[in-house]
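What follows is a short report on a single structure.
This chain uses plain numbering: 1 for the first residue, then up along the sequence.
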Amino acid sequence: MGNTDILGDLMRLQKKLSRDDMEMLMTILWVIWYDRNKLVFEDLKLDPRLSMAKAEAIIEAFRRTQFPEITNGGKLQKLKQTVWTPPPQGWLKLNVDAATDSKKSCAGLGAIIRDSTGNCMAAGIKAVKFSGVLSIVEAEAAEWGVQIAQQRGMQSIILETDSKEVADLINDRERNLTEICWTISEIQSLKKTFNSFETKYVPRACNNSAHLLAKVALEKLESFVWVENFPPEIRHVFT
């Protein structure tokens, strides 16, 4: 595109690319600009793979806001929650997620715990085997996240997952006699060790930080839990 101005380049690309491709391009450019500022002003060098995952999460959240639910009468309903919200004062919110790689038969788990001000109390990544059933590793992410909270003496927890099946199983709204039932049973036992415990299903857009951590775990194939001194690539997830 030579030395022409960037606006002109983008206008020409807009005529050639689909709307979805253009949205993704603009989001990637924004993430590159954001990462560049982190490097220049904070001397933080961020993992480009994590940056790409963040771009994908941003565009997914944006697209969800563009399609409000339609009722039978054709009337627009209020948009569903599309961003993470902090827990009430005195509670901590635990978000968990899993990312998978079928070719490598592995999965990454992500967990993050934040307080009512949005401050991160703990974050973790973990690599596990993937048998091909997504709900099983989603349940493993929930169990592992609850274990992190329990081991650190946290007492009032709201667990959020973007797996409706896992949330319903934990809340006894569904029954399942497959392999996942053992993990769900363990979570239900762990729940009893807390003063207060709630489990909620949320859309992926409200679970981006946990999703990005799961992506990091899948890339690194390692397991870590941080309570403080978060490394730059982890701080990047919840800033």
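Counting heavy atoms from C-beta outward, E219 and K215 have side chains that stay 4.5 Å or more apart. Here the side chains of M154 and L94 are not in contact, with every heavy-atom distance at 4.5 Å or above. Two residues are said to be in side-chain contact when any heavy atoms from C-beta on lie closer than 4.5 Å; L218 and C106 meet this criterion. A 4.5 Å side-chain heavy-atom check between P88 and I158 finds at least one atom pair inside the cut-off.
Following chains of ILVMFWY side-chain contacts shorter than 4.5 Å, one can reach I180 starting from V133, so the two form part of one hydrophobic cluster. Connection of V216 to F224 is established within a shared hydrophobic cluster, with ILVMFWY side chains joined at heavy-atom distances below 4.5 Å, either directly or through further cluster members.
Annotation: ring pair (Phe, Tyr, Trp, His ring centres under 6.0 Å) contacts of F197 (sequence neighbours excluded): F194.
Taking OH of Y201 as the start and CG of D162 as the end, the distance is 7.0 Å to the nearest 0.5 Å. Rounded to the nearest 0.5 angstrom, N95 CG and C206 SG are separated by 9.0 Å. To the nearest 0.5 Å, atom CD1 of residue I113 and atom SG of residue C120 are 8.0 Å apart. Taking CH2 of W91 as the start and CG of N195 as the end, the distance is 9.5 Å to the nearest 0.5 Å. Atom CD1 of I184 sits about 9.5 Å away from atom CG of N171, to the nearest 0.5 Å. How far CD1 of I148 is from CD of Q150: 11.5 Å, rounded to the nearest 0.5 Å.
Each salt bridge (charged side-chain N to carboxylate O under 4.0 Å, His left out) pair with one or both residues in residues 97-107, not counting sequence neighbours, appears once here: D97-R204.
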* To do: Given side chain to side chain contact (heavy atoms under 4.5 Å, CB included), test V225 with R152 step by step and report yes or no.
  => CA-CA 11 Å; V225 175; R152 279 147 188 81; 3.5 Å; yes

* Take W84 and S209, measure what side chain to side chain contact (heavy atoms under 4.5 Å, CB included) needs, and give me the verdict at the end. => CA-CA 9 Å; W84 180 86; S209 292; over 6 Å; no

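Nearest heavy atom pair, residue T100 against residue A107, reads CG2-CB, 4.1 Å. Scanning all heavy atoms of the two residues, the minimum distance from A214 to A99 falls at CB-N, 3.7 Å. Heavy-atom minimum distance, A142 versus V166: CB-CG1, 4.4 Å. When every heavy atom of P231 is checked against every heavy atom of W226, the shortest pair comes out as CD-NE1, 3.4 Å. Of all heavy-atom pairs between V96 and G145, the closest is CG1-CA, 4.2 Å. Here the closest non-hydrogen pair linking A127 and S223 is N-OG, 3.4 Å.
No side-chain donor-acceptor contact under 3.5 Å links E138 to the backbone of K164. In this structure, the side chain of K126 does not engage the main chain of A111 through any donor-acceptor pair within 3.5 Å.
Side chains of T117 and N119: no donor on one and acceptor on the other come within 3.5 Å.
Within 6.0 Å of the CD atom in Q151, the count of heavy atoms belonging to other residues, nucleotides or ligands exceeds 12.
Here the rule is side chain to side chain contact (heavy atoms under 4.5 Å, CB included) with V146, and of L159, T199, T193 only L159 fits it.
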